[in-house]
**Q** 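First the structure, then my questions, so here it is.
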Amino acid sequence: MAASMQKISSHICQLCKRRYLTFSYKRSSSNSKSKPWKSVVGLEIHAQINTESKLFSGAENKFGGPTNTQVSLFDAAFPGTLPVLNKGCVEAGVLTALALRCTVNKVSKFDRKHYFYADLPAGYQITQQRQPLAVKGHVDYCISDKNSFETKTANITQIQLEQDSGKSLHDEKDRISLIDLNRCGTGLMEIVTEPDFSDGTDASAFVKELQKILQTIQTCDCKMEEGSLRVDANISVHKSGEPLGIRTEVKNLNSIKSVSKAISFENETRSFDNEIDETVPMRDKEVKTDYRFMPEPNLPPLHLFDSESVKTVSSKMSVINIDDIQQKLPPLPEDTRKRLEQQYSLKRRDVAVLVDNSGLVDYFEDVMRLSPTTSAKLVSNFIINQLLGVLNDRKLTIYKCPVKTEDFGKLIDLLHTEEISYSTSCKVLDEMFEHPNIAPEDIVDQKDWRQISDTQVLTNICEKVLEEHPKLISKYRKGKLKYLHTLVNKAVIDSNNKANPRILKQIMEDLLDNK
């Protein structure tokens, strides 16, 4: 053990009224300094189901409506009202479970989870704590930066259907709180992962992949800024070979960046302070709240069927067939990555960028369809390294790109056939954004940007440069090969930056070797 627990003290924060624990430690060996802290992170993701009405009522399910205008009597917990399960929410939950490679339970049950907040009128939430809709899934996701690329797998513990709460609006100046119940009763899918993540970057990459999956199957719009996808992170730190530390929960993270930053921050605050022999304060999440779970008495068990068992059902009007939903499952992001790799022989890193950016795969494949002889690698590289940059500079999405895919393919053809240089192609792309109705070849001709590839013309340019710089020739022949690039650059300048650099370099080398 790196350290043994010496003292536990606690205090109440006067601002948030949470109880905080402070742990004091005494070092037991000098080896503790050499062991780095490791973090273990599990996630609970709440995804609002993309249906027109709520989970147990017919009230409208729409973001941004006037305050308290989308509230049914059941949502407001009027006595005598009963829940009616929305079939569309269940189908969305099953589709999500299949997309996350979960096992769908043919029988699941609803529970009441009791807690008392002003934005939860009933005093309990209907959820599926003990017998959820689906269990044991997994998701493959990618982590990449400039220097590395890695594919990892996260395991899904369970997916459960439940109600969302309302929204509390706090006015600190006037010291009042207002309640908007428009969100109350909205269908949620709570997706619980195993503690498979090691840091904020890891966890945020998974959330980004989950976001793409849910958007692909259209069960959640995943607009985190609107609260339709919210993340709770459970974080614990420890040293290798030692038990996990106190678990901390960070709730309601509503952006990919905040997921990464919050987890990284929580990890940093748990570093052992060698100066004072204490950890910093930690919120106590080890004490379980008693939610007094009980079976929901107003909802029977939810029964699902497959193609075989559905034959035993007399009335199929309200039946949900898992196999039928499986047939509706579209290609998922990972499926698209693998297909692009195989079909176009693209690198995994490039494929990941195309898939990660909404609409980019369609743009890429439309270019390839209209220009089938074009180099797929060149198209993808130019989209990633140039087109995305121009779009970002102009604050545009690919859906608002003024450059038609047909014209983009023609631009790539000009580059591939060496009619223009790479630097010129970037200038042409800028012109295409400014003048989208002018074809790229016309822009090149108007600007006189065509590349010189005629060997005789380039030979004359190189000979002139060599005649003017005999000292550089002498240095090159003494083994200073860097002066080849100096001579080539001077030749490019003499050609008004229109010389084909590949051919020019070859001619210059031949002349130097034979002169």
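The residues of the chain are indexed from 1 along the displayed sequence. Model, not experiment: these values are computed from the prediction.
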**Q** Looking only at heavy atoms, what is the nearest atom pair of Ala262 and Leu253, with distance?
**A** CB-CD2, 3.6 Å
**Q** Should the pair Arg502-Glu509 be classified as a salt bridge under the 4.0 Å nitrogen-to-oxygen rule?
**A** no
**Q** Count the heavy atoms belonging to other residues, nucleotides or ligands that lie under 6.0 Å from CD of Glu225, then report whether that count exceeds 12.
**A** yes
**Q** So, do Val231 and Val250 sit near enough that their side-chain heavy atoms are less than 4.5 Å apart?
**A** no
**Q** Distance from Leu100 atom CG to Ile213 atom CD1, nearest 0.5 Å?
**A**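 The distance works out to 5.5 Å.
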**Q** If you measure only the distance, is there a donor-acceptor pair under 3.5 Å linking the side chains of Asp510 and Gln506?
**A** yes
**Q** Taking the side chain as everything from C-beta on, heavy atoms only, tell me whether Glu334 gets closer than 4.5 Å to Arg337.
**A** yes
**Q** Using the rule given for salt bridge (charged side-chain N to carboxylate O under 4.0 Å, His left out), can you reason through Arg450 versus Asp445, listing the C-alpha separation, both sets of side-chain angles and the distance that settles it, and then say yes or no?
**A** CA-CA 7 Å; Arg450 284 194 185 271; Asp445 290 335; 2.7 Å; yes
**Q** Judged by atom type as modelled, is there a donor-acceptor pair below 3.5 Å linking the side chain of Gln386 to the main-chain atoms of Cys426?
**A** no
**Q** Side chains of Leu43 and Asp196: closer than 4.5 Å at any heavy-atom pair?
**A**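 No, their side chains stay 4.5 Å or more apart.
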**Q** To the closest 0.5 Å, what do you measure between OG1 (Thr193) and CG (Leu210)?
**A** 10.0 Å
**Q** Can you list everything that forms a ring-ring contact (aromatic ring centres under 6.0 Å, His included) with Phe63? Sequence neighbours excluded, please.
**A** none
**Q** Quick test of your reading of the model: are Asp366 and Lys404 salt-bridged, counting only N-O distances below 4.0 Å?
**A**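 Salt bridge between Asp366 and Lys404, a charged N being under 4.0 Å from a carboxylate O: no.
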**Q** Can you sort out the partners of Arg339 under salt bridge (charged side-chain N to carboxylate O under 4.0 Å, His left out), two or more places apart, ordered by chain and number?
**A**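 In terms of salt bridge (charged side-chain N to carboxylate O under 4.0 Å, His left out), with neighbours along the sequence ignored, Arg339 is linked to Glu365.
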**Q** Applying side-chain hydrogen bond (donor to acceptor under 3.5 Å, both in side chains), which residue pairs with at least one partner in residues 372-381 are found, sequence neighbours left out?
**A**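 Passing the test, one end in residues 372-381: Thr374-Asp413.
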**Q** Any side-chain donor-acceptor pair under 3.5 Å between Ser358 and Tyr399?
**A** yes
**Q** Donor-acceptor pair, Asp180 side chain versus Thr67 backbone, under 3.5 Å?
**A** no
**Q** Verify the distance criterion only: is there a donor paired with an acceptor across the side chains of Thr151 and Asp140 at less than 3.5 Å?
**A**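 Result is no, nothing qualifies.
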**Q** When rounded to the nearest 0.5 angstrom, what is the spacing between SG in Cys184 and CG in Leu55?
**A**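 Reported value, rounded in 0.5 Å steps: 11.0 Å.
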**Q** For a 4.5 angstrom cut-off between non-hydrogen side-chain atoms, does Thr336 reach Leu354?
**A** no
**Q** So which heavy atom on Asp407 is nearest to which on Pro436, and how close?
**A**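 Nearest heavy atoms, Asp407 then Pro436: OD2-O, 3.9 Å.
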**Q** Does the pair Glu467 and Lys464 meet the rule for a salt bridge (charged side-chain N to carboxylate O under 4.0 Å, His left out), with working shown?
**A** CA-CA 5 Å; Glu467 288 175 5; Lys464 180 175 178 293; over 6 Å; no
**Q** Applying ring-ring contact (aromatic ring centres under 6.0 Å, His included) as the test, list every pair that has at least one member in residues 190-210; sequence neighbours left out.
**A** Tyr141-Phe206, Phe197-Phe206
**Q** Return all side-chain donor-acceptor pairs below 3.5 angstrom for residues 427-435, not counting sequence neighbours, or 'none' if the list is empty.
**A**
| residue | atom | partner | partner atom | Å |
| --- | --- | --- | --- | --- |
| Glu434 | OE2 | Arg394 | NH1 | 3.2 |
| Glu434 | OE2 | Arg394 | NH2 | 3.1 |

**Q** Against Gln326, only a single residue in Val104, Val94, Leu95, Leu98 fulfils side chain to side chain contact (heavy atoms under 4.5 Å, CB included); can you say which?
**A**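 Of all the options given, the one that passes is Leu98.
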**Q** Suppose we screen for side chain to side chain contact (heavy atoms under 4.5 Å, CB included). Which residues come up paired with Gln48, at least two apart in sequence or across chains?
**A**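 Side chain to side chain contact (heavy atoms under 4.5 Å, CB included) list for Gln48, sorted by chain: Asp164, Arg183, Thr186, Leu188, Ser228, Arg230.
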**Q** Considering all heavy atoms of both residues, which atom of Arg101 and which atom of His138 are nearest to each other, and what is their separation?
**A** CD-NE2, 3.1 Å
**Q** Counting only heavy atoms not in Lys208, do more than 12 sit closer than 6.0 Å to its NZ atom?
**A** no
**Q** Quick check on side chain to side chain contact (heavy atoms under 4.5 Å, CB included): which of Leu133, Ile191, Ile156 does Cys102 satisfy it with?
**A** Ile156
**Q** Are any of the side-chain heavy atoms of Phe408 and Val379 separated by less than 4.5 Å?
**A** yes
**Q** Report yes if some heavy atom in the side chain of Thr486 is under 4.5 Å from a heavy atom in the side chain of His469; otherwise report no.
**A** no
**Q** Taking atom CG of Leu504 and atom CD1 of Ile461, what is their separation to the nearest 0.5 Å?
**A** 7.0 Å
**Q** Could you check whether any side-chain N or O of His416 sits under 3.5 Å from a backbone N or O of Ile412, counting only pairs where one atom can act as donor and the other as acceptor?
**A** no
**Q** Does Glu150 have more than 12 heavy atoms from other residues, nucleotides or ligands lying within 6.0 Å of its CD?
**A** yes
**Q** Keeping the roles fixed (side chain from Gln211, backbone from Cys222), state whether a donor-acceptor pair exists under 3.5 Å.
**A** yes
**Q** In the structure I gave you, are the side-chain heavy atoms of Asp494 and Val465 within less than 4.5 Å of one another anywhere?
**A**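 Result yes, sub-4.5 Å side-chain heavy-atom pair found.
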**Q** Is the NZ atom of Lys212 crowded by more than 12 outside heavy atoms at less than 6.0 Å?
**A**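 Above 12, so yes.
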**Q** Drop me the distance from Ser421's OG to Gln451's CD, to the nearest 0.5 angstrom.
**A**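 Ser421 atom OG to Gln451 atom CD measures 5.0 Å (nearest 0.5 Å).
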**Q** Using a 3.5 Å distance criterion without hydrogens, assess whether the side chain of Asn496 forms a donor-acceptor pair with backbone atoms of Lys498.
**A** no
**Q** Keeping Ser495 on the side-chain end and Val492 on the backbone end, is there a donor-acceptor pair under 3.5 Å?
**A** yes
**Q** Under 3.5 Å, side chain of Ser474 to main-chain N/O of Lys471, donor-acceptor pair present?
**A**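 Checking the backbone N and O of Lys471 against the side chain of Ser474, no donor-acceptor pair under 3.5 Å is found.
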**Q** Under 3.5 Å, side chain of Asn182 to main-chain N/O of Gln70, donor-acceptor pair present?
**A**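 Side chain of Asn182 to backbone of Gln70: a pair is present.
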**Q** Can you give me the closest heavy-atom contact between Ala99 and Ile217, atom names plus distance?
**A**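 Residues Ala99 and Ile217, closest heavy atoms: CB-CD1, 3.9 Å.
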**Q** How about Leu346 and Glu341: do any of their side-chain heavy atoms sit closer than 4.5 Å?
**A**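 No, too far: nothing below the 4.5 Å cut-off.
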**Q** I'd like to know if the side chain of Thr219 pairs up with that of Asn50 as donor and acceptor (distance under 3.5 Å, no hydrogens or angles considered).
**A** no
